[in-house]
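The residues of the chain are indexed from 1 along the displayed sequence.
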Amino acid sequence: MSFLKTNQFPMPIKSYLAHPHDGKKQHLIDALSAIKECEVLPAKNEDILVVVTDTLDDASEEILKEKIEKIDSLKLLAMVSGFNSPQN
């Protein structure tokens with residue numbers, strides 16, 4: 001995934017903390033990693049994942065968030081940061 005795009009339109013880049021259901025961390029990693037707009041960074045000492053998303057626009061981001069929230073191994077998804085890249 002490329003976070004530095006040379007497009008003239010703002011692109012939402014957001015980061016989330018994803019909490020899996022007990023014993024489902026690897027399933028959640030696999031499910032999120034299969035989504036091309038997501039980059040997954042698992043914590044080494046906690047049962048938590050950092051998920052960074054990169055989409056074309058706010059509408060695409062909302063669709064992606066809904067898709068992520070449907071993953072059955074996901075217990076909680078909390079956005080921690082959002083950023084729209086400036087227009088060139």
Suppose we screen for side chain to side chain donor-acceptor pair (under 3.5 Å). Which residues come up paired with His27, at least two apart in sequence or across chains?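 Applying side chain to side chain donor-acceptor pair (under 3.5 Å) to His27 gives Ser73.
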
Output all residues satisfying side chain to side chain donor-acceptor pair (under 3.5 Å) with Ser60, sequence neighbours left out; order by chain, then residue number.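 In terms of side chain to side chain donor-acceptor pair (under 3.5 Å), with neighbours along the sequence ignored, Ser60 is linked to Asp57.
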
Under the side-chain contact (heavy atoms from CB on, under 4.5 Å) test, residues paired with [X] that sit two or more places apart:
X     : value
Leu77 : Tyr16, Ala18, Lys65, Ile68, Glu69, Leu74
Glu66 : Glu62
Asp47 : Pro20, Lys25
Ile48 : Leu17, His19, Ala43, Glu46

Which distance, rounded to the nearest 0.5 Å, do you find between the [atom1] of [X] and the [atom2] of [Y]?
X     : Y     : atom1 : atom2 : result
Leu64 : Lys36 : CG    : NZ    : 10.5 Å
Gln26 : Ser33 : CD    : OG    : 8.0 Å
Thr53 : Glu61 : OG1   : CD    : 3.5 Å

Side-chain heavy atoms nearer than 4.5 Å, only ILVMFWY residues, links allowed to pass through others: does that put Ile63 and Met79 together?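 In one cluster: no.
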
Given side chain to side chain contact (heavy atoms under 4.5 Å, CB included), test Leu41 with Leu49 step by step and report yes or no. CA-CA 6 Å; Leu41 307 160; Leu49 310 172; over 6 Å; no

Passing candidate, side chain to side chain contact (heavy atoms under 4.5 Å, CB included) with Pro12, options Asp58, Asp54, Leu56: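 It is Asp58; the other options fail the test.
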
Side-chain contact test, heavy atoms from C-beta onward, threshold under 4.5 Å: evaluate it for Ile13 versus Val52 and give yes or no.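 They are in contact (side-chain heavy atoms under 4.5 Å apart), so the answer is yes.
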
